[in-house]
Amino acid sequence: EQAGLAEPADVPQAGAAASAPEAPVMKMAAAQGLTDSRLGLGRPALEAEIAAWDVDILPDGTGLPEGSGDVWTGEEVFAEQCAACHGDFAEGVGNWPTLAGGWDTLDRKDPVKTVGSYWPYLSTVWDYVHRSMPFGAAQTLSDDEVYAITAYILYSNDIVDEDFTLSHENFLEVEMPNAAGFIVDDRAEAEYAQWRAEPCMENCKDSVEITMRATVLDVTPDQAGAAEDPPAVEKATVEETEAVEEAEAVVPAALDAELVAAGERVFRKCKSCHQVGEGAKNRTGPALNGIVGHPAGAIDGFSYSKALKQAGEDGLIWTEEDLKAFLAKPRDYLQGTKMSFSGLRKEADQAAVVEYLKSFAEE
Amino acid sequence: ATPDPLITEVQDWASGLGQGVDEVPYGLPIEFESDVIRRNVEWLTADTISSINFTPIHALDGTITPQGCAFERHHSGAIELKKEDYRLMINGLVDRPLVFTYADLERFPRENHVYFCECAANTGMEWAGAQLNGAQFTHGMIHNMEYTGVPLRSLLNEAGLSGETAGKWVYVEGADASSNGRSIPLEKALDDVLVAFKANGEALRKEHGYPVRLVVPGWEGNMWIKWLRRIEVLDQPVESREETSKYTDTLADGTSRKWTWVMDAKSVITSPSPQMPITHGPGPLVVTGMAWTGHGRITRVDVSRDGGKSWETARLSQEGGNKALVRFYLDTDWDGGEMLLQARAMDETGYVQPTKSQLRDVRGENSIYHNNCIQTWHVKSNGVAENVEVS
């Protein structure tokens with residue numbers, strides 16, 4: 001009896017089996033580094049635990065739960081859950097992935113790799129949407145919603161018709177256009193064989209010309225402070241301090257620091273689309289400095305939905321109360337908003353985010 | 001000559017007192033080094049959560065990368081996972097599916113190894129031409145650390161593998177929202193894969209997978225699953241998003257290579273380089289850089305000053321470690337003339353780092369990943385260096 005001794009008391013134990021030494025069943029060769037000796041560490045994984053974590057879907061359909069979803073349902077769910085980043089037609093917004101189109105581009109410059117043009121297995125789509133999407137709210141979609149979204153992505157790629165319903169039963173019948181487009185790594189034959197040779201040391205070429213320069217494109221990020229004297233860095237620090245002081249002067253003194261900190265944590269859900277703080281820019285969503293008390297739909301340079309723009313013109317101001325109500329369920333609060341966030345259910349989270357946003361004055 | 005007042009006059013630091021202990025209980029670099037930081041390239045990704053930044057390799061020396069400036073790559077942000085909340089499951093084709101706590105892992109016999117971790121996309125922006133002006137940006141998706149951990153083999157052994165290993169796989173995934181799952185042949189899993197919890201002697205940083213990450217020596221960084229939570233033994237690969245839609249290499253004819261796991265031999269001169277111009281005149285000059293190979297050990301690095309017409313063999317600061325980064329130096333005399341600086345690595349398999357044209361001849365320009373071409377820095381007579389391509 002040695003296993004489990006170091007287990008903290010609150011770790012669930014699966015009965016005596018956890019520590020009962022079992023007869024070695026190892027049959028594999030010692031050359032593989034495996035032995036028949038066990039330390040008896042760990043505890044048996046329970047079926048419910050395996051079911052909770054083992055959600056991968058294999059190319060042959062293993063792991064797919066029963067369920068189905070049609071293209072039209074998929075379009076609705078997609079508009080709500082996915083379109084903010086991937087576009088209404090899966091065409092991609094900004095730098096977010098394009099999911100549709102790109103046919104016949106793989107052998108051209110800058111190929112467009114989408115589910116339709118590139119992905120070899122449909123199981124990958126289902127698996128990824130189910131386990132990791134939507135971005136910032138993974139594992140919140142039902143199985144049927146995942147089938148529906150997958151069906152819609154297939155439709156947006158012209159792989160299925162508009163009346164198509166995808167289910168666990170017909171899943172393997174879908175033919176992915178680029179299924180045959182992959183070969184297993186062949187570098188050993190195609191490259192290593194010819195590059196494993198004694199290299200040239202003298203007179204290796206007749207002439208050398210510069211054919212391309214990075215400075216022509218000039219896409220290297222600015223490196224404030226880099227390769228400059230330390231005083232420049234100190235100066236930047238001073239300016240930063242001043243900026244913070246200024247900001248503090250504008251913000252009412254009554255901020256609840258604990259609530260602000262809590263809000264910062266909740267705000268992670270928003271970060272994939274919104275920036276806030278020094279240098280915040282409009283991204284998928286508008287920058288949010290000074291948003292509390294600000295007219296709605298009026299952050300400079302952001303292209304709002306008609307609905308939100310109209311609401312602003314009609315006089316909507318983002319008071320704390322309005323903002324909380326909006327955050328609770330954006331699409332219920334304002335039909336037609338582009339913000340495809342499902343909402344903050346907890347009132348404490350809504351209040352925390354608003355408090356956090358209050359700590360950033362308009363720049 | 002005028003006497004140097006830094007020598008002739010008593011300086012504040014030579015007269016007054018410095019900082020006491022405990023002012024900074026966990027030490028940070030001195031403020032004068034504040035430019036030696038990770039940097040990202042904003043236009044590369046849609047946001048900073050699913051993104052990458054770059055190790056300031058131009059300003060580092062030696063071989064070990066400090067954790068605080070080792071590049072980060074997240075697919076859904078760096079999560080905070082306490083040791084107490086940590087669970088690692090092994091399931092699938094094993095005799096005993098098991099769950100380990102962090103404390104359990106600490107009771108297995110441990111090993112220490114230094115390995116490089118390179119993102120498959122390192123230098124990926126340079127396929128079509130010279131684009132980013134700095135070694136940090138062209139080659140900074142790499143770090144090299146000493147890992148402490150338990151061989152994955154020990155954990156699989158504990159769960160019990162039976163039957164043939166051939167044709168079997170492990171699927172490894174993280175606890176973050178992306179899970180970033182990858183399939184690894186069981187043969188590699190039983191060879192040198194490490195379940196690591198310390199790097200450079202201390203706990204992993206949050207951004208590198210605290211409390212536990214996978215270390216897959218010599219193979220692309222995407223497979224080094226952070227916040228490792230599950231290992232499943234399977235008789236087929238999962239073909240997850242990260243091994244189909246990403247981390248596959250499209251060739252000129254539109255077909256794509258998959259399962260390109262190994263990082264081939266590569267080197268880069270870190271100084272002089274665009275962010276590290278020569279600030280002294282002609283005379284003694286140290287040219288330095290680093291080299292690595294996923295196939296084992298680096299045996300030799302050559303340096304050219306004339307864009308590859310002629311080469312001289314550089315000095316390795318120590319014998320190349322297995323799947324670890326090695327430092328090289330060319331201690332030379334600079335005549336003040338222009339240079340087209342290149343480095344070329346060779347590994348123990350006899351593989352010679354290829355030129356960009358050699359790579360393009362085989363793969364075209366659309367591969368993104370696994371660009372291990374020879375890099376050229378154009379050093380002008382004023383010491384300023386630029387990223388260029390040469391014929």
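Computed from a prediction, not measured in an experiment: that's the story for all the values here. Any value given below was found using the heavy atoms of this structure, including those in side chains, with hydrogens, waters and symmetry copies removed. Per chain, numbering begins at 1; letters A, B, ... match sequence-line order.
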Legend entry - Asp264(B) side, atom CG; Tyr192(A) side, atom OH - distance, nearest 0.5 Å: 3.5 Å
Legend entry - Crowding at CG, Asp253(B) (>12 non-hydrogen neighbours, <6.0 Å): yes
Legend entry - Note, Phe135(A) side chain near Asp47(B) side chain (heavy atom, < 4.5 Å): yes
Legend entry - Ala197(A) portion near chain B, given a 4.5 angstrom heavy-atom threshold: backbone
Inset, instruction - Please flag which part of Ala128(B) lies under 4.5 Å from any non-hydrogen atom of chain A: side chain, backbone, both or neither. - result: both
Legend entry - Region of Tyr121(A) in contact with chain B, defined by heavy-atom distances below 4.5 Å: side chain
Inset, instruction - Please flag which part of Thr313(B) lies under 4.5 Å from any non-hydrogen atom of chain A: side chain, backbone, both or neither. - result: both
Legend entry - chain A contact via Arg230(B) - which portion, at a heavy-atom distance below 4.5 Å: side chain
Legend entry - Contact class of Thr349(B) relative to chain A, heavy atoms under 4.5 angstrom: both
Inset, instruction - Pick one of side chain, backbone, both or neither for Ala177(B), based on which atoms fall under 4.5 Å of a heavy atom in chain A. - result: both
Inset, instruction - Heavy-atom distances under 4.5 Å only: say whether Asn203(A) touches chain B with side chain, backbone, both or neither. - result: backbone
Legend entry - Heavy-atom side-chain contact between Leu98(B) and Arg43(A) under 4.5 Å: no
Legend entry - Pairs of heavy atoms under 4.5 Å with chain B: top-ranked of Pro111(A), Gly94(A), Gly63(A), Ala138(A): Pro111(A)
Inset, instruction - Below 4.5 Å from any heavy atom of chain A, which atoms of Val362(B) appear? Answer side chain, backbone, both or neither. - result: side chain
Legend entry - Heavy-atom pair of closest approach, residues Cys200(A) and Arg344(B): O-NH2, 2.9 Å
Legend entry - Atom of Gln236(B), atom of Pro59(A) and distance for their closest heavy-atom approach: OE1-CD, 4.0 Å
Inset, instruction - Heavy-atom pairs under 4.5 Å with chain B are the metric here; pick the option from Asp206(A), Asp60(A), Ile183(A) that has the most. - result: Ile183(A)
Inset, instruction - Answer yes when Arg38(A) and Asp95(B) have at least one side-chain N-carboxylate O distance shorter than 4.0 Å, and no when they do not. - result: no
Inset, instruction - Classify the side-chain pair Ser245(B)/Tyr128(A) by whether it contains a donor and acceptor separated by less than 3.5 Å. - result: no
Inset, instruction - Pick one of side chain, backbone, both or neither for Gln194(A), based on which atoms fall under 4.5 Å of a heavy atom in chain B. - result: side chain
Inset, instruction - Measure the shortest side-chain to side-chain distance between Leu39(A) and Arg107(B) over non-hydrogen atoms and say whether it is less than 4.5 angstrom. - result: no
Inset, instruction - Among Asn95(A), Leu58(A), Ile50(A), Asp110(A), single out the residue with the greatest number of heavy-atom pairs under 4.5 Å to chain B. - result: Asn95(A)
Inset, instruction - Working to the nearest 0.5 Å, report the span between CD of Glu239(B) and CH2 of Trp119(A). - result: 12.0 Å
Inset, instruction - Measure across Leu41(A) and Glu158(B) and return the closest heavy-atom pair with its distance rounded to 0.1 Å. - result: N-OE2, 2.7 Å
Legend entry - Segment of Glu80(B) engaging chain A (4.5 angstrom heavy-atom cut-off): side chain
Inset, instruction - Pick one of side chain, backbone, both or neither for Tyr171(B), based on which atoms fall under 4.5 Å of a heavy atom in chain A. - result: side chain
Inset, instruction - Check each atom of Gln131(B) against the heavy atoms of chain A and say whether the ones under 4.5 Å are side chain, backbone, both or neither. - result: both
Legend entry - Pairs of heavy atoms under 4.5 Å with chain B: top-ranked of Pro120(A), Ser207(A), Cys204(A): Cys204(A)
Legend entry - Part of Trp127(B) lying under 4.5 Å from any heavy atom of chain A: neither
Inset, instruction - Measure distances from Ile37(B) to the heavy atoms of chain A and classify the residue's part below 4.5 Å as side chain, backbone, both or neither. - result: neither
Legend entry - Within-4.5 Å side-chain heavy-atom neighbours: Pro221(A) and Leu132(B): yes
Inset, instruction - Please list, chain by chain and in numerical order, all residues satisfying salt bridge (charged side-chain N to carboxylate O under 4.0 Å, His left out) with Arg229(B), sequence neighbours excluded. - result: Glu173(B)
Legend entry - Test salt bridge (charged side-chain N to carboxylate O under 4.0 Å, His left out) applied to Glu386(B) - qualifying residues, sequence neighbours left out: Arg213(A), Lys380(B)
Legend entry - Short N-O contact, Asp186(A) and Arg257(B), less than 4.0 angstrom: yes
Legend entry - Side-chain heavy atoms of Leu359(B) within contact of Trp195(A), under 4.5 Å: yes
Legend entry - Any donor-acceptor N/O pair, Ser132(A) side chain to Ser178(B) backbone, under 3.5 Å: yes
Legend entry - Test: Glu242(B) and Arg131(A) ion pair at under 4.0 Å: no
Inset, instruction - Please flag which part of Leu234(B) lies under 4.5 Å from any non-hydrogen atom of chain A: side chain, backbone, both or neither. - result: side chain
Legend entry - Lys/Arg N to Asp/Glu carboxylate O, Lys281(A) vs Glu42(B), below 4.0 Å: yes
Inset, instruction - Heavy-atom distances under 4.5 Å only: say whether Glu232(B) touches chain A with side chain, backbone, both or neither. - result: side chain
Inset, instruction - Compute whether any side-chain donor of one residue and acceptor of the other, for Ser256(B) and Lys113(A), lie under 3.5 angstrom apart. - result: no
Inset, instruction - Check whether any side-chain heavy atom of Val262(B) sits under 4.5 Å from a side-chain heavy atom of Asp185(A), and report yes or no. - result: no
Legend entry - Tyr118(A) vs Thr248(B) side-chain heavy atoms within contact, under 4.5 Å: yes
Legend entry - Ile210(A) side chain reached by Thr376(B) side chain, heavy atoms, under 4.5 Å: no
Inset, instruction - Report yes or no: do Thr260(B) and Arg187(A) form a side-chain donor-acceptor pair below 3.5 Å? - result: no
Inset, instruction - Using atom types as modelled and distance alone, determine if a side-chain donor or acceptor of Asn366(B) lies under 3.5 Å from a backbone N or O of Asp107(A). - result: no
Inset, instruction - Pick one of side chain, backbone, both or neither for His75(B), based on which atoms fall under 4.5 Å of a heavy atom in chain A. - result: backbone
Legend entry - Per-residue contact mode, Glu191(A) against chain B (heavy atom under 4.5 angstrom): side chain
